[in-house]
**Student:** 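Here you go, one structure.
Atoms within a ligand are numbered from 1 in the order they appear, just like the ligands themselves. What you see below is based on every heavy atom in this structure, not just the backbone, and it leaves out hydrogens, waters and symmetry mates. Just so we're clear, the structure is a prediction, and the values are computed from it rather than from any experiment.
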Amino acid sequence: MKKRIVTGDRSTGRLHLGHLVGTLQNRVRLQDEYECFFIIADIQVLTDHINSHEDIDANVFEVMCDYLGVGLKPENCFFVQSQVPELSELTTYFSFLVSLARVQRNPTVKNESEMYGVSQMSLGFVGYPVSQAADILAFKANLIPCGQDQLPHIEQTREIVRTFNNTFGKEVFTLPEALIGKVPVLQGLDGVQKMSKSLNNQINLAHTTDETLLRIGKMVTDVQRVYRKDPGHPDSCFTYKYWSIFAPDAMPHVRTECESATRGCKECKMELASYLNIQLGEIRERRARYASQPDLVWDILATGTRRARQVAEQTLVEVRDAMHLSFPRLAKAAERMVQNGSA
Ligand code: ATP
Ligand code: MG
């Protein structure tokens, strides 16, 4: 049997370069080797978007187009979190295995509440890593391709595995491992925060070539270089970091021209944008093909969601059994009533 990958993204907007280098490239690379479950986490959007949730469902479609655009095959299992109610049931059970102090210590949750300006965190926000553990463990994941910000959540998930198995005396769950992408955290174009859908500091995979030029044009460069004739300092230039990630082969000539002031910051950024546009060209074309066939995209999601429910239900049968919450006699009584025509 193939080992399993489980990972996903929130439906807060279209996917961007951070997703590509943080997690999507690993998913594409490993999709044939593993059985893959890709969750679009719509419930998790409510953590910090409770008052601006109008696009949750529309964004599910956008994320699906991004997935298919980067080359994830339609045969994988793609599903919507809220449409697999077994996940909410498992979240409820897990919530009794984690102390309040433990969830309040999670550094990613603290960071996100500050980053997105949420002063009063809801119970759902503080506890979302527990819900995420349910998403992962319902499918008995072995590997989770993700960015670095997910590490505390995966540690939490591993703790839940140990606590569940010890408490209920059955090895229902196994320990999943994180797989961090080639860039653990891609900084956004502001050079300050991580690239994020919610902070508008991103290059979306689906941005047009012109939007990409415009956005890269606003990127921070070498703050020590005041005039075009001044020699630049690639090692402290934020734009140069992007060269190292997205066009490493071009680094030597970019460095030489920057240090000798034969290239200006503006032209440097325009050239970087052209490189990005070339790299993203194939993804954008494939994405557009899928986006023009919405029925096909929804069919892929419907098939995946049905399959996700079946797999999660199998796990829930084991979970309820281990917890003494399966009530076979109750099920038999219900069956009898149907047969007797009294139900
Ligand atoms: P939001 O702003 O809504 O939180 P996001 O851009 O942070 O969106 P998520 O859906 O929270 O995206 O993250 C999904 C996956 O993508 C996670 O594995 C996360 O680590 C990874 N990821 C997101 N942004 C980056 C980034 N800038 N660098 C590396 N990985 C990232
Ligand atoms: Mg996020």
**Student:** Less than 4.5 Å apart, any side-chain heavy atom of Ile144 and any of Thr157?
**Tutor:**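 Sidechains of Thr157 and Ile144: no contact.
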
**Student:** Given a heavy-atom cut-off of 4.0 Å, could you list the residues near ligand 1 in chain and number order?
**Tutor:**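 Residues Gly8, Asp9, Arg10, Thr12, His16, Gly18, His19, Gly22, Thr23, Tyr116, Cys146, Gly147, Asp149, Gln150, Val183, Pro184, Val185, Leu186, Lys194, Met195, Ser196, Lys197, Ser198 each place a heavy atom under 4.0 Å from ligand 1, listed by chain and number.
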
**Student:** Answer with yes or no after comparing the ring centroid distance for Phe94 and Phe173 against a 6.0 Å cut-off, counting only values under it.
**Tutor:**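 For Phe94 and Phe173, the ring centres are under 6.0 Å apart.
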
**Student:** For the rings on Tyr240 and His233, is their centre-to-centre separation under 6.0 Å?
**Tutor:**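 When the ring centroids of Tyr240 and His233 are compared, they turn out to be at least 6.0 Å apart.
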
**Student:** Given the side-chain rings of Phe139 and Phe79, with only the six-membered ring counted for Trp, is the space between their centroids under 6.0 Å?
**Tutor:**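 Here the rings of Phe79 and Phe139 have centres that are less than 6.0 Å from each other.
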
**Student:** Do other residues, nucleotides or ligands put more than 12 heavy atoms under 6.0 Å from the NZ atom of Lys2?
**Tutor:**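 It does: Lys2 NZ has more than 12 such atoms within range.
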
**Student:** Hey, are the side chains of Leu280 and Leu17 touching, using non-hydrogen atoms and a 4.5 Å cut-off?
**Tutor:**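 Side chain of Leu280 against side chain of Leu17, heavy atoms only: contact under 4.5 Å found.
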
